[in-house]
S.K.: 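Supplied in C-alpha cells, the structure appears directly below.
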Amino acid sequence: AKDSAEQPVSIKIMVGGLDKVIYLPAKLTEQLGYFKEAGVDVSLLSEPSGAQAETVMLAGEVDGVVGFYDHTVDLQAKDKCVTSVVQFADVPGEAEMVAADKAATLTSAKDFTGRKLGVTSPGSSTDFLTRGLAVRNGVDPSKYTTVKAGAGSTFLAAIDNGGIDAGMTTDPTIAKLTNTGKAKVLVDMRTKEGTRAALGGLYPGSSLYMPCDFVAAHKQTIQKMANAFVRTLAFINTHSAAEIAAKMPTDFAGSEPKLYEQAINDSKGMFTADGLMPADGPKTVLDVLKASNEAVKAKADKIDLKRTFTTEFVKAAH
Amino acid sequence: MTQSTPAIRLHRATKVFPDASGGSFTAMRNVTLDVAPGEFVTVVGPTGCGKSTTLSLVSGLEPASAGAVEVGGVPVTAIPRNVGYMFQQDAVLPWRTVSDNVGLGLRYRGASKSDARSRSQDWIERVGLAGFEKYYPHQLSGGMRKRVALAQTLITEPEIILMDEPFGALDVQTRELMQAELLRLWAGTGAAVVFVTHDLTEAIALADRVVVMTAAPATVKTIVEVDLPRPRDVDEIRLQPAFLRLYRAVWQSLREEVEIARQKGASRG
Amino acid sequence: MTQSTPAIRLHRATKVFPDASGGSFTAMRNVTLDVAPGEFVTVVGPTGCGKSTTLSLVSGLEPASAGAVEVGGVPVTAIPRNVGYMFQQDAVLPWRTVSDNVGLGLRYRGASKSDARSRSQDWIERVGLAGFEKYYPHQLSGGMRKRVALAQTLITEPEIILMDEPFGALDVQTRELMQAELLRLWAGTGAAVVFVTHDLTEAIALADRVVVMTAAPATVKTIVEVDLPRPRDVDEIRLQPAFLRLYRAVWQSLREEVEIARQKGASRG
Amino acid sequence: MAELVLTETPVLRAVRGPRRLRVHLTRLALVALWLGSWELASTYWIDPFFYSKPSAIWHKLVVWFTEGTASGSVWAQISVTLQEAVWGFVLGAVTGVVMGVLLGRARFLADVLAPFIKAANAIPRIVLASLFVIWFGLGMSSKVATAFVLVFFGVFFNAFQGAREVSKVVDDNARILGASRWQLLGTVVLPSATSWILASLHTAFGFALIGAIVGEYAGADKGLGLLIAQSQGAFDAPGIYAAMIITTVLALLAESVLTVVERRLTRWQPRQT
Amino acid sequence: MAELVLTETPVLRAVRGPRRLRVHLTRLALVALWLGSWELASTYWIDPFFYSKPSAIWHKLVVWFTEGTASGSVWAQISVTLQEAVWGFVLGAVTGVVMGVLLGRARFLADVLAPFIKAANAIPRIVLASLFVIWFGLGMSSKVATAFVLVFFGVFFNAFQGAREVSKVVDDNARILGASRWQLLGTVVLPSATSWILASLHTAFGFALIGAIVGEYAGADKGLGLLIAQSQGAFDAPGIYAAMIITTVLALLAESVLTVVERRLTRWQPRQT
Ligand SMILES: Nc1ncnc2c1ncn2[C@@H]1O[C@H](COP(=O)(O)OP(=O)(O)OP(=O)(O)O)[C@@H](O)[C@H]1O
Ligand SMILES: Nc1ncnc2c1ncn2[C@@H]1O[C@H](COP(=O)(O)OP(=O)(O)OP(=O)(O)O)[C@@H](O)[C@H]1O
Ligand SMILES: [Mg+2]
Ligand SMILES: [Mg+2]
C-alpha cells in the first residue's frame with residue numbers, strides 16, 4: 001500500500017519482558033501518554049523470551065517487538081527480514097557477574113574455560129554476548145558449560161548456591177547482586193566505555209524492530225510511533241531516575257522501590273538520546289555473532305547490515 | 001417361522017473356557033436340545049455343571065466354541081430380539097430406582113416415560129414391591145432385588161424367556177406366588193421358557209419337560225416329560241402321586257450325577 | 001464368660017434406615033433374641049423383612065439405631081472377635097484365587113503361607129472344589145462361589161457363625177452334603193449359629209430353635225423349639241411325623257406374615 | 001497413626017454436627033500454624049526476598065484489590081484468566097468424556113488410536129503453549145487451547161478406563177433388555193463411569209487454570225499469568241505468591257461447585273460412613 | 001460411526017492374529033498420511049519456518065544422534081531428562097498412591113486435608129518450577145520436584161477415589177475375616193484400587209517428562225528441555241519438533257513397560273472381549 005492510501009492502524013508490540021529496565025521506554029511511553037498524543041493506537045504485550053516474541057511477530061500476531069538489535073542480524077541469516085526502527089540503547093546494558101567466592105580465580109573472560117556460565121536462555125542475546133566475550137578472549141565456547149539460569153530470582157539463586165560460576169544479566173539483578181555482595185561485576189556492558197573495552201565497539205541492545213514489509217507498508221503510522229518513542233528517550237535523558245520511576249506502575253518496583261530506582265539510575269546511561277543507531281554498532285554485532293552464532297557464521301558474507309535497521313523515522317522525528 | 005421350527009435349538013453345542021493355568025476347561029460338551037415355541041423347559045443339574053453357561057449361549061452373550069445354537073431358526077451371532085434373560089447374579093442397574101429399573105426395557109424399546117412408568121407400576125405391584133418404587137437397589141434386600149429383576153425381564157414380554165434360579169432367594173410363599181404369576185404370564189403368550197433351578201419341586205411343577213444335566217462338562221443326561229395337566233396349582237400338584245413318581249425319577253438321575261461330580265472333584269484335587 | 005451369658009443377645013434392637021424420599025424406614029423393631037453358646041438358631045421370614053439386617057447388627061457392621069446388641073456379654077461397637085459371617089451376596093475377593101480366598105482368614109490371623117495353603121486345601125476338598133484351587137471367582141459358577149465363601153467362613157472356626165442363605169444356590173444333594181458338613185463342624189466346636197434360610201425343611205432339620213420373623217419391620221413372631229434328637233441325618237429326619245408337625249407350624253406362622261407383607265405392600269402402593 | 005481412623009465404626013448421623021466443627025477447627029489451626037511459622041521464619045531466619053512473608057503478601061493483595069495492578073484492575077485480570085480456564089475446562093472435559101467413553105467401548109478404534117493419544121499426552125505442554133500462540137494467535141483461543149490440552153488427557157484416560165470397568169453383568173443385562181448402542185452409553189456406561197469422570201474433574205479445573213496461566217506466560221496483555229511474570233521480573237515475591245493465592249481461591253471455588261454436582265450425580269450410591 | 005464396534009460380539013482367540021495386524025496397519029497408514037500431508041503442506045503452502053517439515057526434523061534427528069547437540073551428545077541429554085522424569089515419577093506415584101489410599105480410608109484426615117490438597121493442585125506448576133530452582137538449586141532435584149508435583153496429584157486423586165470405591169460387601173467380608181487395618185489396605189483396598197491407580201499412571205509418566213522439561217526450562221545445563229529452549233532461541237523449528245519426538249518416544253517406551261505391569265496386576269479380571 002502506498003503511503004497516501006495507508007489506513008491508520010493499531011499497532012501491537014510484544015515486549016520481551018515489559019518489566020525489564022532495559023525495555024523501560026516501551027511502558028514509559030504509554031505511561032506518559034505519548035502514543036495517544038502522537039495519534040497512534042499502541043498496545044503492549046509481554047513475553048519473557050525474546051526469540052519467542054519474534055516468532056510471534058513473524059507469524060503476524062504482533063507488529064513489532066521490543067528486544068535486542070542482534071536478533072535482526074540473526075534473523076536475516078535465517079532469511080527473515082526484520083529492521084530496527086528505533087534504537088533505545090547503544091550498549092547491551094548487560095554485565096557478566098561473577099560469584100563473590102569465585103572472583104579471585106575468575107578475573108576475566110580468559111578464565112572462562114571449564115566454568116559454568118549462566119545465560120537467560122540458550123540462543124538469547126546474553127548467550128551471544130557470552131560467546132562473543134569468550135571468543136574475543138581466546139576461549140572456545142565449547143570449553144565452558146552454558147547454563148540456562150533465567151533472570152531475576154532464579155539467577156540470584158543460581159549464583160547463590162553455586163549453580164553457576166558467573167553469568168550474564170541485567171539490572172535490577174545486577175544491582176541486587178552487588179548490593180548484597182554476592183557477586184561482582186566482571187565485564188560491564190552497561191556503559192559505552194565498558195562495552196567498547198569488552199567487545200571492541202558499541203553493541204546496540206534494546207530496540208524496537210518490525211518486519212521489513214510491514215515497515216514499508218505503514219510508514220505514516222510508524223513515523224507517529226517513532227515520534228512518541230523519541231520523545232520518551234528525551235524524557236529519560238532529562239529526568240532523574242526517581243522521576244522516571246514515579247511515572248512507572250508501582251508494581252514494576254516490586255517490594256523494593258529503592259532498588260528499582262537504583263536500577264534505573266544505573267541503566268539510564270545506556271539509552272540513546274535520539275533513537276539513532278550508533279555508527280559502528282551493527283558491525284560489532286555482526287562480528288560477535290560471527291563468532292557465536294552458527295547461522296550467522298554460515299552466511300556472514302551475505303548479510304546486508306543496512307537492511308537490519310533504519311534511521312529514517314527517528315531522523316524525521318527530530 | 002413354521003410351527004415345526006424350534007424356538008431354541010442347541011445342536012452339539014460346546015463351550016470351552018480358558019482355564020486358570022493357561023489350559024482350557026470344557027464347561028459344556030455336545031449339548032443337544034430343542035425347545036418348541038410355547039414350551040416350558042426346566043433345567044436341573046449339579047452345581048457348577050454348566051447350566052448358566054448354556055443360557056448364556058442361547059442369549060448370544062457368549063459364543064459357542066463348537067456346535068450350533070439357533071433361536072427362531074436363525075444361528076445366534078448377537079443377542080436375538082425378544083429374548084429375556086434373568087441372570088443368576090444381581091444385574092439390576094444400581095443407579096436406577098426400582099421404578100426406573102423395571103421400566104428400562106420399555107424405555108429402550110421407545111416407550112414414553114409416562115407409559116413406562118404406569119406399566120412398570122403394574123409390575124411392581126405384581127412382584128409385591130409397591131411402596132419401594134423410589135428405592136435404589138442397594139436399599140433393597142436380596143429377595144427384593146431378585147423380584148425387581150423378575151419384573152424387569154417379564155415386562156418386555158419376551159418370546160424366549162431364560163431364567164437362572166430366579167426364585168432361589170425368596171421365601172416359600174412368595175416363591176409360589178411368583179411361580180403362579182410366571183405361569184399365568186407364560187400361558188397367555190406362548191413364549192418358550194428355559195428355567196434353571198435347584199428346587200426339584202419347582203422344576204417339575206412348572207415344566208413340560210425337565211432336563212437333567214450331567215456334571216461338568218454338561219451334557220443332557222435325561223429328559224423327563226412332565227405329563228401333568230395344565231393349568232396347574234403349584235401348591236396342590238406336589239401331593240399327587242404322578243408328581244412324586246416324577247420327583248423320584250429326577251432325584252435319582254441327579255443324585256448319580258452329583259456323586260460323579262464329587263468323585264471327579266476329588267480325583268482332580 | 002459364665003455359662004449363663006448368652007453368646008448373642010439382642011434386646012429391643014431396632015434399625016432405622018434413611019428412606020428413598022428423605023424419610024426413614026424401620027427395618028427391625030424391638031427384636032429381642034438370645035442365642036446360647038453352642039445353640040443353632042435358624043431364622044425364617046418373608047423376603048425383605050429384615051433378616052439380613054439382623055445379622056449385620058450382630059456382626060457389628062451396622063450399628064443399631066436403638067436397643068442393645070451384645071456378643072459374649074459385651075455390647076457390640078466394632079466387629080467382635082471370632083465372628084464368622086457368610087453374606088447373602090457374593091463377597092469373596094475377586095482378585096484372589098479360590099485357594100487364597102479360602103485361606104484368607106488364616107493369613108489375617110498370622111498363619112504362614114504354607115500352613116494356610118494346606119489347611120485351605122482341606123476345606124476346598126470338603127466343599128467339593130478340588131481342582132479349582134487356581135480359579136478366580138469370575139471363573140466359577142454361582143454355586144461354586146457360595147461354597148468358596150462357606151469354606152472361607154468356616155476355616156477360621158468362629159465361635160459365632162452368622163449365615164445368610166448359604167445353600168440357596170446349591171442343588172439338593174450338594175446342599176445336603178454341605179448341611180451335614182456344617183452340622184459336623186458345629187457339633188465339635190460348640191459355636192453359636194444364626195442361620196437365615198427360606199428352605200423350611202433346612203430350617204427345621206438344622207435348628208435347635210426356628211425363629212419366625214414378621215414382615216417388615218421385623219420382630220420375632222414365634223419361636224419354634226425343635227426337639228428332634230441329635231445327631232440328625234438331614235435326609236431321613238424329614239420323613240418323621242415330629243418333623244412334619246414342626247414344618248406345618250412354621251409354615252402356618254410364616255404364611256400369615258407373607259399375607260400381611262403383601263397387603264402392606266399393596267396398601268403402600 | 002492414631003489419626004488414621006479407618007472407617008470401621010460407621011458414624012451415626014447425629015455425630016455429624018460436632019465432627020464438622022472439629023474438621024473446620026483443625027483446618028483453621030493448620031492454616032494458622034503454617035502462616036505463623038512462615039511469618040516468623042521470614043522475619044528472623046530466611047530471606048523474604050526469595051520466600052516473601054504472609055504480611056507482605058496480604059499487603060500486596062490489599063493493594064491489588066484497592067488500587068489495581070500495573071495492567072489495570074485486578075478483577076479484569078481474574079476475569080480474563082477465569083474465562084480462559086472455564087472455556088478450556090468445559091471443552092477439555094466434554095471432549096475427554098466423549099472420546100474416553102467412545103474409545104472405551106470401541107476396541108478397534110481404541111487399539112488404533114491409543115498410542116497416538118498416549119504420545120500426545122507426553123508432548124511438553126509448555127512448548128505447545130508457545131506453538132499455540134503461533135497457530136491460534138495471541139487472543140483468548142491460544143490460552144483456551146493450552147488449558148484444553150492440560151484438561152483433556154486426565155479426563156480422557158479416566159473416562160476411558162471408567163467405560164471399561166462397567167460391571168459385565170449389568171452391561172449384559174441392559175443389552176438383553178434391548179438397549180441400543182447409544183442407550184447403553186447413556187444408561188449404563190456413563191452412570192457407571194461417573195465416579196471415574198468426577199475424580200478426574202477434581203484435578204481438571206486446577207489444570208485448566210495452570211493452562212490459562214502458562215498460556216498467558218507465552219504472551220498476553222492481561223491475566224494472572226502476566227501478573228506472575230511481571231512480579232517475577234520485578235523481584236516481587238509477594239506479588240508471585242499473591243497471584244498464586246488468587247489462583248488457588250478460584251480453584252477452590254470451582255471445586256465447591258463440582259462437589260455439589262457430584263453429590264447430585266452419585267445420589268444412588270450407598271452413603272459412605 | 002461404522003467404526004464404533006461396541007463390544008457386542010465377543011471375539012474368539014483365533015481372530016486375534018489378523019485383528020492385531022489390522023490394528024498395526026491402520027496405525028501405520030495414519031502416521032504415513034499425517035507425515036505425508038505435513039511434508040506436502042510445508043513444502044507448498046505453509047511456512048516451514050514456523051511449522052517445520054518432517055524431512056527437516058528427520059535430518060535434525062540424524063544430526064543429533066550422529067554428531068551430537070550443542071550441549072553434548074544427545075544421549076546425555078536424554079539420560080538426564082529421563083533420570084529426572086523417572087525419579088519424579090517414582091516418588092510422585094508412590095507418594096500419591098500411599099497418601100491417596102490412606103486418606104481415602106481415613107475420613108477425618110481426608111476432610112481436614114482435602115481443601116489443602118485441592119488448593120495445592122491449583123498452584124500453577126510453571127511458577128513452582130522457577131521457585132524450585134530457587135529452593136533446590138539448578139541441579140537435578142529441582143526438576144525432580146517439578147516432575148513430582150505434576151505426577152503426584154493425578155495419582156493421588158485416583159488412588160483416593162479408588163480407595164473409596166471398594167465394594168462394601170468385599171470390604172466387610174475381609175474385616176469379618178479378621179483383617180487388620182494394614183491387611184485390609186494390602187489385600188482389599190489396594191487390589192481394588194488397582195485399575196484406578198493404573199489409569200492415573202498412564203498419564204503420569206507423560207506428566208513426569210513434562211515436569212522434567214519444564215524444570216529444565218526454568219534453569220539447567222543439560223537435558224531435552226534445554227534442547228527445546230535452545231532450538232526456540234535459534235528459531236530452529238526442526239529442533240523443537242525433534243526434541244518433542246524424542247520425548248514422545250520415551251513416553252511410549254515407559255507406557256509399554258506399564259502395560260506389562262498392568263497385565264500382571266489385573267490377571268484376575270475377566271478378559272475383556
Ligand atoms: N470365564 C470362565 N473361565 C473358566 N471357567 C469358567 C468360566 N465361566 C464358567 N466356568 C466354569 O464352567 C463351569 C460351569 O459354570 P456355570 O456357571 O455354567 O455352572 P452352573 O451350572 O450355572 O452352576 P450353578 O448351579 O452353581 O450356578 C464351572 O465349572 C466354571 O468353573
Ligand atoms: N441401606 C438401606 N436403606 C434403606 N432401606 C434398607 C437398607 N437396607 C435394607 N433396607 C430395607 O430393610 C428391609 C429389610 O432388608 P433385609 O436385607 O434385612 O431383608 P431380608 O429379610 O434379608 O430379606 P431377603 O430374604 O430378601 O434377603 C428391606 O425392606 C429393605 O428395603
Ligand atoms: Mg449358574
Ligand atoms: Mg437378606
Side-chain angles (χ1 to χ4, degrees), chain D residues 3-8 19 23 26-27 30 50 102 105-109 111-112 115-116 118-119 121-127 130 134 153-154 157-158 161 164-165 168 175 181 184 195-196 199-200 202-203 205-206 209-210 213-214 217 225 228 232 240 244 247-248 250-252 255 270 272, chain E residues 3-8 22-23 26-27 30 50 102 105-109 111-112 115-116 118-119 121-127 130 134 153-154 157-158 161 164-165 168 175 181 184 195-196 199-200 202-203 205-206 209-210 213-214 217 225 228 232 240 244 247-248 250-252 255 270 272:
Chain D
E3 279 295 43
L4 185 71
V5 184
L6 295 180
T7 55
E8 235 165 58
R19 191 159 168 289
V23 165
T26 319
R27 276 185 202 161
L30 279 179
F50 290 127
L102 285 187
R105 301 291 289 184
R107 269 283 273 192
F108 182 71
L109 254 194
D111 280 353
V112 169
F116 297 110
K118 282 164 185 170
N121 177 47
I123 295 173
R125 310 292 196 284
I126 193 172
V127 185
S130 19
I134 299 171
F153 291 99
F157 283 103
N158 263 29
Q161 193 61 29
R164 300 211 144 183
E165 296 272 324
K168 187 165 157 31
R175 291 202 278 134
R181 281 169 190 177
L184 203 63
S195 348
W196 286 85
S200 72
H202 279 293
T203 41
F205 196 78
L209 277 171
I210 294 175
I213 286 173
V214 170
Y217 235 74
I228 294 177
Q232 279 184 330
I240 302 178
M244 280 173 33
T247 322
T248 304
L250 290 182
L252 287 181
E255 177 62 34
Q272 271 172 338
Chain E
E3 280 295 44
L4 187 72
V5 183
L6 295 179
T7 55
E8 236 165 56
R22 228 175 92 217
V23 166
T26 318
R27 276 185 201 161
L30 280 178
F50 300 119
L102 284 186
R105 302 291 289 185
R107 269 284 274 191
F108 182 72
L109 255 193
D111 279 354
V112 170
F116 297 112
K118 281 164 185 170
N121 177 47
I123 296 173
R125 310 293 195 281
I126 195 171
V127 185
S130 35
I134 297 171
F153 291 99
F157 283 102
N158 263 29
Q161 193 61 29
R164 300 211 144 183
E165 296 273 323
K168 188 168 155 29
R175 291 202 279 132
R181 280 169 192 174
L184 204 63
S195 350
W196 285 85
S200 71
H202 279 295
T203 40
F205 196 79
L209 277 171
I210 294 174
I213 286 173
V214 170
Y217 230 74
I228 293 178
Q232 279 185 331
I240 302 177
M244 281 173 32
T247 322
T248 304
L250 290 182
L252 287 181
E255 178 61 36
Q272 271 173 338

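We name chains A, B, ... by the order of the sequence lines, and we start the count at 1 in each one. The structure presented is a predicted model; accordingly, all values stated were derived computationally and were not measured.
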S.K.: Which atoms of Ile123(D) come close to chain E, meaning under 4.5 Å heavy atom to heavy atom: side chain ones, backbone ones, both, or neither?
M.R.: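 Contact with chain E is through both the backbone and side chain of Ile123(D).
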S.K.: For Phe116(D), is it the side chain, the backbone, both or neither that has a heavy atom under 4.5 Å from a heavy atom of chain E?
M.R.: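 The side chain, not the backbone.
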S.K.: List the residues meeting side chain to side chain donor-acceptor pair (under 3.5 Å) with Thr248(E), not counting sequence neighbours, and say none if there are none.
M.R.: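 Testing Thr248(E) for side chain to side chain donor-acceptor pair (under 3.5 Å), a comparison that skips the adjacent residues, returns none.
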S.K.: Answer whether the closest heavy-atom distance between the side chains of Arg22(E) and Phe108(D) falls below 4.5 Å.
M.R.: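 Yes - at least one pair of side-chain heavy atoms lies under 4.5 Å apart.
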S.K.: Between Leu252(E), Ile213(E), Leu209(E), Ile240(E), who has the most heavy-atom pairs with chain D when the cutoff is under 4.5 Å?
M.R.: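 Maximum pair count with chain D is reached by Leu252(E).
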S.K.: Quick check on the interface: out of Ser195(E), Ala199(E), Gly206(E), Ala251(E), who has the most heavy-atom pairs with chain D under 4.5 Å?
M.R.: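 Heavy-atom pairs under 4.5 Å are most numerous for Ser195(E).
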S.K.: Among Thr203(E), Asn121(E), Asn158(E), whose side chain to side chain contact (heavy atoms under 4.5 Å, CB included) with Thr203(D) holds?
M.R.: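 Going through the options one by one, the only one that passes is Asn121(E).
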